[in-house]
2 protein chains.
Amino acid sequence: MLSHMKDYFTPGEIAARFDLTLDTLRYYEKAGLLRRVDRAPSGHRRYRADDVELLHLVRCLRDTDMPISRLREFAELVRDGDHTIPERVEVLQSHQHRLSAHIDQLRERQEAIRHKIDYYLGVLSDRPELTRRPEGSEDTPTPAPAALSDTAALMTDSTVKENA
Amino acid sequence: MLSHMKDYFTPGEIAARFDLTLDTLRYYEKAGLLRRVDRAPSGHRRYRADDVELLHLVRCLRDTDMPISRLREFAELVRDGDHTIPERVEVLQSHQHRLSAHIDQLRERQEAIRHKIDYYLGVLSDRPELTRRPEGSEDTPTPAPAALSDTAALMTDSTVKENA
DNA sequence: ATGGGACCTGGAGCGCACTCCAGGTCAAGC
DNA sequence: GCTTGACCTGGAGTGCGCTCCAGGTCCCAT
């Protein structure tokens, strides 16, 4: 009752599960991110639970921009046995820290973009004639009152000198 | 008193301020991310406040992975005048939403990585002989007690079938 | 037996965003 | 007058991470 359940996954199943192409899967294997995967007599790959698990982690790490080369090093540690666990922890922690810093930086940039949007929205409420209207129809031929320079928005540092 | 202050920036200054190389700066200009920048009689570029400002936004958008092609479109809108402000807002808002989703995804992945680290730390506290020691010196020749399969950590979905 | 589908291989190709290079100009300082 | 350093040009090259391809095998259903 417990020995006739499927104990492997086909390439197609794995590709679907992780949203990767067969090519990418093979590429990962060639690149050493997965151990040499088992084969059916036909030559087709048979992925085991271990592969699925490692692939899950690989996915996380790739999605967070760990380069293939570092992932390969990590995978080698996994293959080298349990005694490499302390080193694996170091690799993951250092990646984690980089990731935190990256997320923080993204948030800062997001803030800046938000400010720019707000600045634009302010311009639009000061000059409603710029607002997009449904279709055609100009209510004034838009005499262009000395085009806005946009200056000052996003100028957060002190580098802006007086213009002559 | 207000007309003899520097009203431009040299390429070197701009590169330093935005932490870009001169090559990248020229590449951005060629790619249409900046308007054709002013020149000194010598042919050297002279960046104005407007360029600095746009570059600031370009930096934010590139740092948040907006592709060069979309940035070029945005820069064209800026060049086309104030009447494109509504469209610029749309571009920025849509980028913002993608960015939020991306940040959320990064955080999820970070959680998963954290769990893996915790799992490893748990293994280390169960099997202290695996812990990295200062240098050399084995207290047991490490008889490798049936290598851990690692299975179960990170297996969050229900796809894991029984193994034969 | 025939066709279709899933998969195999080695190797070439691609898109992106830079990055580098050779050879040249210009302005300032010694 | 000569060197140095900052910058110029057009164009080629690079690294990364896939992605595509031609030609082949295997197995199953009609």
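None of the values given here were measured: they were computed from a predicted structure. Residue numbers begin at 1 in each chain, while the letters A, B, ... track the order of the sequences.
As a whole-Å value, the separation of B:M66 CE from C:dC18 P is 14 Å. Remark: P of C:dA27 and CZ of B:R46 are 10 Å apart, rounded to the nearest angstrom. Here C:dC18 presents its P atom at 15 Å from CZ of B:F18, a figure rounded to the nearest Å. Between the C1' atom of C:dA6 and the CZ atom of A:F9 lies a distance of 18 Å, rounded to the nearest Å. As a whole-Å value, the separation of A:Y47 OH from C:dA6 P is 16 Å. In this structure, B:D23 atom CG and C:dC18 atom P are separated by 11 Å, rounded to whole Å. In this structure, CD1 of B:I68 is placed 11 Å from P of C:dT19, rounded to the nearest angstrom.
Contacts with DNA chain C (heavy atom under 4.0 Å) in residues 24-42 of chain B: B:T24, B:Y27, B:Y28, B:S42, listed by number.
The closest donor-acceptor contact from the side chain of A:R59 to the backbone of A:D19 lies under 3.5 Å.
Classification of A:E111 and A:R107 as a salt-bridged pair fails, no side-chain N sitting under 4.0 Å from a carboxylate O. Electrostatic pairing of A:R48 and A:D51 does not count as a salt bridge here, judged by no charged N lying under 4.0 Å from a carboxylate O. The pair A:R45-A:E29 meets the salt-bridge criterion, since a charged nitrogen lies less than 4.0 angstrom from a carboxylate oxygen.
Using modelled atom types, one finds no donor on one side chain facing an acceptor on the other under 3.5 Å when comparing B:T10 with B:H44. Side-chain contact, A:S100 with B:Q110: a donor N or O sits under 3.5 Å from an acceptor N or O.
Each of B:G43 and B:S69 lies near DNA chain C, and the nucleotide nearest B:S69 is the one positioned closer to the 5' end.
Residues passing the side-chain hydrogen bond (donor to acceptor under 3.5 Å, both in side chains) test with B:R46: none are found, sequence neighbours excluded.
Of all nucleotides in DNA chain D, those with any atom nearer than 4.0 Å to a heavy atom of chain A start and finish, going 5' to 3', at D:dG17 to D:dC26.
When each of A:D63, A:T64, A:D65 is checked for a side-chain hydrogen bond (donor to acceptor under 3.5 Å, both in side chains) with B:R109, only A:D63 meets the rule.
Ring pair B:H56/B:F18 is perpendicular by interplanar angle, where above 60° counts as perpendicular and below 30° as parallel.
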